[in-house]
Structure formats: structure tokens, C-alpha cells
Amino acid sequence: MKNINDDLLNRFIDKELSIDENKIVHNAIENLPDIKKRYEFLLKVHLLLKDIKSESPSMEFSKLVMNKISKHSIIESQQKRFMLIVLSFLGIIILGIVGYIFSQTINTIHLNSSNETITTYSNTIGDYFSALFGKKNLSIFGSVLSFIMLVSGYFLYDYQKHSKKKFSH
Amino acid sequence: MIMRNLTDVEIIESVKKGNQADYAVLIDRYKNKAFTMLKRMLKNDFDAEEVLMDCFLKAYNNLNAFKFESKFSTWFYRIVYNSALTKISNAKRKIESEMSSVDDLPQLESKFLADDFIKEDNTILIKKIINELPPKNAAVVTMFYLEEFSTEEISDVLKISVANVKVILHRSRNLLREIIEKRNLVQEIL
């Protein structure tokens, strides 16, 4: 007779054996007391496990989770709003600078030939940029811009990190 | 009351549309069974509840990434299982760093003494015995018997083959039988 091991008995309980294997194990259980004892023990364990009852977390659990979710949503929307404000502020500053340079350029150049106009335009824009970032204005303007860039950069990094973390799960 | 009869997919779609409160139905649906699995894996109520809360938050935050390719339960239990493993490895690292010498280790294994089992209620006794199973075995046993997952679904959660799931399941039964025999609890339990 084939050696009846625990694996075979387990598969017999789970009804995973072929018809032939099933017959062999069934006969062994009927005729061999040792096998019968092992089988009954395993079957009892199987039935005990079937009887496992689920346990509950604390009474307020669902409420606590929902509170955390709504708090999280509020923080997230606040972060988004703040990012939008910082970015629009930065955008307005950049637009303002570009607009100012163009208006100054247009005011200084009047009726010129087309080729000369392009050259003069580029020269004037260049001049304005050099004046803007020149020694005179650099210290004040640069500090303000760097500060804004640093602040917005930090929040942009934080937001990206947060989003990445969210998707990594 | 109507909400309770909806399928997981319908609830998720409703949450995705902005009905945040509907997520509570999913929490109520899965909290007990997931908590039981976590308790069997982590061996204590406090950690189980903390990890479970984290799992529900993770699932909520990633609900948009859930594409209905598998059942929500399978997807959610994967989060639960992986979170439990992370918690266990963190705890292990902490214990190892706090352990002053290797001699302290056997004390951990002797936490379940035969005397503890005497004259205890059968249900509590069984729970204690199941708690002696290693985390992976405890997870498989809970999903198979409590959640009534098929071996295919368990293999999907654990990312292992169906054959391996069956091996773990059979070993768990053998292990429980050995524990019962070792503790001389045959009469009390059987």
C-alpha cells in the first residue's frame, strides 16, 4: 500500500485527490487505526479552523477612519490651494517683469526700419535685463526672487513627495 | 440601508464620484475580518487596529488607481498583508537593536506555557493556539477559513503560486496538530 503521509491526508480533506488516490486513502483510513487516528485529528483541526469567528476593532473604528479621511482631504485641498497661490504669484511677477520690459522697449523705439527695429528691440531688451540684474538692482530684486523661488520650490518638492508616496502604496 | 446591499464596485464608483461618506460602508464590510487577520499576524490588538486604520487610509488614497482588474477584497487584503509584513519587520528590527544579548531570545518563545491553557474557554484556547502560527501561515488560514477565499485568490494576495498556498495551508494544519499534541490539549480541544 502506498505510504499515506500527512500531505495525502490533507489533500483528502480538501477533496483534491484523484479517484484512485481517494480510494487508497479511504481504504487506509478504514483499515489502519494509526492512519485513522491521524486523519481524525487533522479533520478535527480543519473543523476547528472552520469555526474561527471574526473579531472586531474598537466601537468607534469606522468613525475614526472617516474623520482621518476628511481631515486628510481638507489638508490636501489646502496644500493645493497654497501651491496655486504661490505659483500664480510667481507667474504674475514674471509676467509683470516681461510686460514692463516690453512697454519700456516700445516707448523708446518709434519709427525705424524693420531690420533696425529688430536689432534695437533685442538690444533694448538686453539692456533692460542687464540693468535689472545689474549690480544696482541685483541685491534687492535677486533676494526677493530667490526667496519666492525657495519657498515655492520647497512646497513644490513637498507636494511631489506627497503625491509619490501616495502612489507607491 | 440601500447602500449596504450595493456591491463593492458600485460603492467604489460612488466614492470616486465624490461621495466620501460611502466609504464607511466598505470599512464596515471589511473591518472585522481584516482585523482578525491582522491580529493573528501581529499577535496584539493595538498594532492590529493601528495597521488596519492605515490600510483603510491607503486604500482610500489609492482608490483612483484601483482599476477593477481584481476583486476589491483581493486588492485590499494585499494592502493589509503587506502592511502587516512591514510592521513585523520594523518590530523585528527594533527588538534586535534593543536586545542586549542573544540569551534574551529564548524568553520570547516561552510566552505560551502549558499552564496558561488550563481551564480556559475552548474558543480562547483555539485563538491562542492559532496565534502561535507564523504570520504567513496565520494569514493564509484566516483568508481560507474566515474570508472563504479560494487558494487562487490567496495566491493573488500573497503573490505566490497556488501550490505554495496549499503547502502553507497543509503545514498550518499539521503545525496546529503538533501544538495541540505538545501542549497535551488533545482532551480539552478534541
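Source: prediction; values computed, not measured. Letters go in sequence order (proteins before strands), and every chain restarts at 1.
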- Note on the structure: Between R173(B) and L49(A), the two heavy atoms sitting closest are CG-CD1, 4.2 Å
- Counting heavy-atom pairs under 4.5 angstrom with chain B, the leader among H46(A), K50(A), R38(A), R11(A) is H46(A)
- Item | Pairwise side-chain contact, I129(B) with L48(A), heavy-atom cut-off 4.5 Å (strictly under) | no
- Item | Proximal to chain B - members of residues 81-90 of chain A, heavy-atom separation under 4.5 Å | none
- Query: Short question: side chain of S56(A), backbone of N32(B) - any donor-acceptor pair under 3.5 Å?
  - Reply: no
Side-chain polar contacts of residues 59-68 of chain A - donor-acceptor pairs under 3.5 angstrom, sequence neighbours left out - could you list them?
{"residue": "S62(A)", "atom": "OG", "partner": "D28(B)", "partner atom": "OD1", "Å": "2.6"}
{"residue": "S62(A)", "atom": "OG", "partner": "K31(B)", "partner atom": "NZ", "Å": "3.2"}

- For K159(B), which residues count as a side-chain contact (heavy atoms from CB on, under 4.5 Å) partner, sequence neighbours excluded? R78(B), D156(B)
- Considering only heavy atoms and a distance below 4.5 Å, find which of R171(B), M37(B), K39(B) pairs most often with chain A. K39(B)
- Item | Non-hydrogen atoms of L146(B) and K53(A) that approach each other most closely | CD1-C, 4.0 Å
- Message: Between L52(B) and chain A, with a heavy-atom cut-off of 4.5 Å, which part of the residue counts as in contact: side chain, backbone, both or neither?
- Response: both
- Can you tell me which residue pairs pass the salt bridge (charged side-chain N to carboxylate O under 4.0 Å, His left out) test with a partner in residues 79-91 of chain B, sequence neighbours excluded? D47(B)-K87(B), E50(B)-K87(B)
- Query: Side chain, backbone, both or neither: which part of N174(B) has a non-hydrogen atom closer than 4.5 Å to chain A?
  - Reply: both
- Would you call K166(B) and D14(A) a salt bridge, using N to O less than 4.0 angstrom? no
